[in-house]
**Q** 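Just passing along the structure, written as structure tokens.
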Amino acid sequence: AQLTAGRGSDEDKAKALYEFVAKNIRYVAIEYGDSGHEPHHAAEVFMNRYGDCKDQAVLLVALMRGQGLEAFPVLIPTRQAYPIDKDFASIHFNHAIAVVKLGDELIFMDPTSTTTPFREVPLSDQDRTVMVFFDDGFRITDIAPSTGNAVRYSMDIDIDEKENAAVTRSVTTEGFFAAGYRYYLKYTHPELIKEDILQKMVKIGTFSELTGYTIEHADDFDFNPKLSYTFNAEKFLNPAGDFRILPALDQLGLDSNTIGKESRDFPLDFDGVSTKTADVSLSLPHNFIVSHLPQSQVVENRWFKLVISYKRLTEGIAFHEEFTVKQRFV
């Protein structure tokens, strides 16, 4: 009752209860004897503030039923397990989650994931066939893959007359990328995050000095996590006589190893449909003009789409890069 106080709708109540279990019940798996398949009582899990996947699922179901919501336990073979077949009796389950029924909609929830918001499940649970235990019997159904999975890079580069640059860069994630990035920002030591930033800075500008960074929404499920930082880079441009050459502005870092073989026995798995985009805005001092730009490119097939574009601005250049995975398996 305290957790749902002031929550008017059933969805708001379900969201509050899910977030409580995901954030406050620590995942601990000690599975020997009966505990390998029999969950503890919900009250015991609530009091101890820890449990394995089936303990957390049972507690979440109990909390929701205590508020009059229709919630049920679910058995699932994650992507690490062999999938089940609706027409072949077998036991390949390696995980337990929960589901709540709001109207005619089933919303799956995995409270073992401390960084996945309500209405989403971690990547390992997506695109899987599961068994839901309703009050009147079980039903085999599917968890759909997520949509709107994206990583967005943004960078503003302001170059002064001495050819030094002031750079502001941000990384924002959505969908299954957000859960992983939220985990990284929430649980990684600040010094390691700073070290990762410094490594990225050196790739952008060799002589770089970090001036600050901020982390947003690492523990807030209502917004996508975001990392922003600023740095200065000396002698950002590479001299070539009277010309200056920009360093590579590529932000996506596409891996060419995926096309390194002439033939394959198995498909490539890209986890799901997703998009990575980068937008770079570069301001030049008044005594510079843009002499040469690469040609913009669009390459598309039934699996991918790649867009690279360059645009002259009044006082600089705009660079856009976009890579979309259109099918999970290639």
Side-chain angles (χ1 to χ4, degrees), residues 146-160 163-178 180-181 184 196-197 199-206 208 213-214 216-217 223-233 236-238 240 243-259 270-286 288-328 330:
S146 65
T147 58
N149 307 303
V151 180
R152 307 189 189 282
Y153 302 98
S154 176
M155 187 161 62
D156 293 323
I157 305 172
D158 188 6
I159 301 176
D160 62 21
E163 303 180 25
N164 300 323
V167 184
T168 300
R169 186 174 188 267
S170 66
V171 184
T172 308
T173 54
E174 302 172 19
F176 61 65
F177 290 115
Y181 204 56
Y184 166 75
D196 290 342
I197 293 173
Q199 291 179 357
K200 184 61 181 180
M201 285 166 37
V202 171
K203 292 181 179 180
I204 297 171
T206 305
S208 298
Y213 75 93
T214 58
E216 300 176 63
H217 314 308
F223 301 92
N224 292 317
K226 182 178 181 180
L227 171 66
S228 303
Y229 53 93
T230 57
F231 63 96
N232 296 321
F236 187 75
L237 303 175
N238 299 311
F243 290 91
R244 295 295 182 268
I245 302 172
L246 281 172
L249 297 178
D250 170 52
Q251 299 294 293
L252 304 188
L254 300 180
D255 186 3
S256 60
N257 289 330
T258 56
I259 57 170
F270 285 87
D271 291 329
V273 175
S274 64
T275 300
K276 293 184 178 181
T277 61
D279 286 287
V280 179
S281 175
L282 187 134
S283 299
L284 296 171
H286 66 86
F288 278 74
I289 60 171
V290 178
S291 177
H292 303 285
L293 281 180
Q295 288 187 344
S296 298
Q297 300 282 341
V298 177
V299 180
E300 186 172 10
N301 54 40
R302 61 192 175 107
W303 299 291
F304 308 108
K305 182 178 181 181
L306 174 66
V307 178
I308 298 177
S309 66
Y310 303 84
K311 183 180 180 181
R312 297 172 187 261
L313 303 176
T314 304
E315 296 180 349
I317 300 168
F319 169 62
H320 176 76
E321 192 176 21
E322 182 176 326
F323 183 70
T324 300
V325 177
K326 298 161 67 174
Q327 295 185 33
R328 175 183 169 186
V330 177

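Hydrogens, waters and symmetry mates are skipped; everything else that's a heavy atom, side chains included, is used.
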**Q** Do you know which two heavy atoms are closest between Val273 and Phe176, and how far apart they sit?
**A** O-CE2, 4.3 Å
**Q** I'd like to know whether Val167 forms a side chain to side chain contact (heavy atoms under 4.5 Å, CB included) with Asp156, so could you lay out the CA-CA distance, the side-chain angles of the two residues, the decisive distance to 0.1 Å, and finally the verdict.
**A** CA-CA 6 Å; Val167 184; Asp156 293 323; over 6 Å; no
**Q** Does any pair with a residue in residues 292-310 pass salt bridge (charged side-chain N to carboxylate O under 4.0 Å, His left out), and if so which ones, sequence neighbours excluded?
**A**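 Sorted pair list: Glu300-Lys326.
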**Q** Quick check: closest heavy atoms across Glu174 and Gly148, and the distance to 0.1 Å?
**A** CB-O, 3.4 Å
**Q** How far does CZ of Arg152 sit from OG of Ser170, to the nearest 0.5 angstrom?
**A**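 Reported to 0.5 Å precision, the distance equals 11.5 Å.
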**Q** State, yes or no, whether a side-chain contact exists between His320 and Ser309 at a heavy-atom distance under 4.5 Å.
**A** yes
**Q** Please indicate whether Gln199 has more than 12 foreign heavy atoms, meaning atoms of other residues, nucleotides or ligands, lying under 6.0 Å from its CD.
**A**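 Buried by this count: over 12 neighbours within 6.0 Å.
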**Q** Could you report the tightest heavy-atom contact between Pro225 and Ala178, atom names first, then the distance?
**A** CG-O, 3.6 Å
**Q** If I compare all heavy atoms of Ala165 with all of Ile159, which pair ends up nearest, and what's the gap?
**A**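 Minimum heavy-atom separation between Ala165 and Ile159: CB-CG1, 4.1 Å.
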**Q** Where is the tightest heavy-atom contact between Phe236 and Leu246, given as atom of each residue plus distance?
**A** CE2-CD2, 4.1 Å
**Q** What's the verdict on side chain to side chain contact (heavy atoms under 4.5 Å, CB included) for Asn224 and Tyr181, showing C-alpha distance, side-chain angles and the deciding distance?
**A** CA-CA 9 Å; Asn224 292 317; Tyr181 204 56; over 6 Å; no
**Q** Considering only NZ, NE, NH1 and NH2 on the basic side and carboxylate oxygens on the acidic side, decide whether Glu322 and Lys276 come within less than 4.0 Å.
**A**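 Salt bridge between Glu322 and Lys276, a charged N being under 4.0 Å from a carboxylate O: no.
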**Q** Do Ser274 and Phe177 have side chains that get closer than 4.5 Å, going by heavy atoms?
**A** yes
**Q** Which atom names give the shortest non-hydrogen contact between Asp250 and Phe319, and what distance separates them?
**A**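 Smallest heavy-atom distance, with atoms named: N-CE2, 4.2 Å.
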**Q** How about Phe243 and Phe288: are their ring centroids closer than 6.0 Å?
**A**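 No, too far apart.
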